[in-house]
Amino acid sequence: MKVPLSSVDIGDAERQAVLQAIDKGELSSAVPAVHAFEAAMARATQRTHAIAANSGTSAIELVLTAMGVGPGDDVIVPALTFAAPALAVARLGARPVFADVDASWTICVKSAAKLTSSRTKAIIAVDLLGHPCDYDALNSLGLPIIEDAAEAFGARYKSAPVGAFGVAAIFSFHANKVISAGEGGCIVCDDEKLTKRMRQLNAFGMDPDRRYWHVDLGCNWRMNGLVAAVALAQLERAEALMAGRAAAAARYDQAFAGSDLERRPVADWAQESMWLYTLASEHRDAILAQCYADGIDARAIWPALPHNPVFADAPASQIPNAARLAAQAFWLPTFSTISPEQCDAVIDAVRGAMKKAAR
Ligand SMILES: *Cc1c(COP(=O)(O)O)cnc(C)c1O
């Protein structure tokens, strides 16, 4: 049975929203759907402001730019994450410095503390694989925090939703994320001044009171009306989208309970939002080979970031946890429309490989 790693869940609500945007000619970034989407994101994250963007990566770069991060600065990034936050730091001429992850698989506060110096401008806390960082502990570092919640829409730290932490938080609406609009991003923030600065940067650096008068080296990474129409319809269905992924995870959990497979842990401060179901095993290669043979797109997690050629010169602390997970962790197909039969095909492949490996 063919089972993709990920699949979008786009239905009638999204189709109607897009058709409506087209019929009304509301395609640019200055349209009601974009404003409504921003308001909904601010509400969902208990923030005062939200700025829609064309990707999660550009959202991070906007925050960093508005904070004045540039050459000579360090930004601490976890060694285990999708590369976007580290790329954004490096593209601004600043230096990503890589902290290890801890038992929660999110950034290790002790490791980050060791990397802190007078150059350190900020720390990007990644809510990895739908799981929040320990924000109370991170706050004790006294550094500005940028929360990268791209993989964690709907998760909670203690009682607050992800996105509520740090100077600003970002989300992604890439096709494989929990809320999907193909490509898209958003910044949420409480700081009025920073928000104004980010909006101005994202509007070509134009003086808001004087058209075509450019006071900043701005850009245009804005979300357009068609994307916002899809994203807003998805946001309104967030509970159902999250429940579909959680149901798949529950089926996997039940099947693998008591096995040697290490499930991504959930810390006592966390309420996870399932993104991609993640396991770790020393038999990863055998499991992935069996899945591949059965038409199942299970995948190895990212290599540790400092091991990528582009970051070869970046300083890193010792990263034993990130390195081990990079070598052992893998994703099973997880999406809201996955069927029980598809989950069972995945389970059979993984179990089969484990049995063979044990012989
Ligand atoms: C997906 C992702 C991003 C980037 O989002 P895009 O919208 O694809 O640019 C940033 N950070 C993390 C942790 C991600 O997983």
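Start at 1 and go down the list; that is how both ligands and their atoms are numbered. In what follows, residues are counted from 1 in the order of the sequence shown.
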The salt bridge (charged side-chain N to carboxylate O under 4.0 Å, His left out) partners of D73 (sequence neighbours excluded) come to K121
Here the ring-ring contact (aromatic ring centres under 6.0 Å, His included) pairs for residues 227-264, sequence neighbours left out, are Y252-Y277
Would you mind checking if D9 and R237 are paired as a salt bridge, meaning a charged N to carboxylate O distance below 4.0 Å?
yes
Could you pull out every N or O of ligand 1 that sits under 3.5 Å from a protein N or O, with the distance for each pair?
residue  : atom   : partner : partner atom : Å
ligand 1 : 5 (O)  : S172    : OG           : 3.2
ligand 1 : 7 (O)  : G56     : N            : 2.7
ligand 1 : 7 (O)  : S172    : OG           : 2.7
ligand 1 : 9 (O)  : G56     : N            : 3.3
ligand 1 : 9 (O)  : T57     : N            : 2.9
ligand 1 : 9 (O)  : T57     : OG1          : 2.5
ligand 1 : 11 (N) : D148    : OD1          : 3.3
ligand 1 : 11 (N) : D148    : OD2          : 2.7
ligand 1 : 15 (O) : E151    : OE2          : 2.5
ligand 1 : 15 (O) : K177    : NZ           : 3.2

Less than 4.0 Å between a side-chain N and a carboxylate O, is that true for K110 and D100? no
Salt bridge or not between E262 and R324? Use side-chain N to carboxylate O under 4.0 Å.
yes
The complete set of ring-ring contact (aromatic ring centres under 6.0 Å, His included) pairs with one or both residues in residues 305-338, sequence neighbours excluded, reads F98-F311, W302-W331
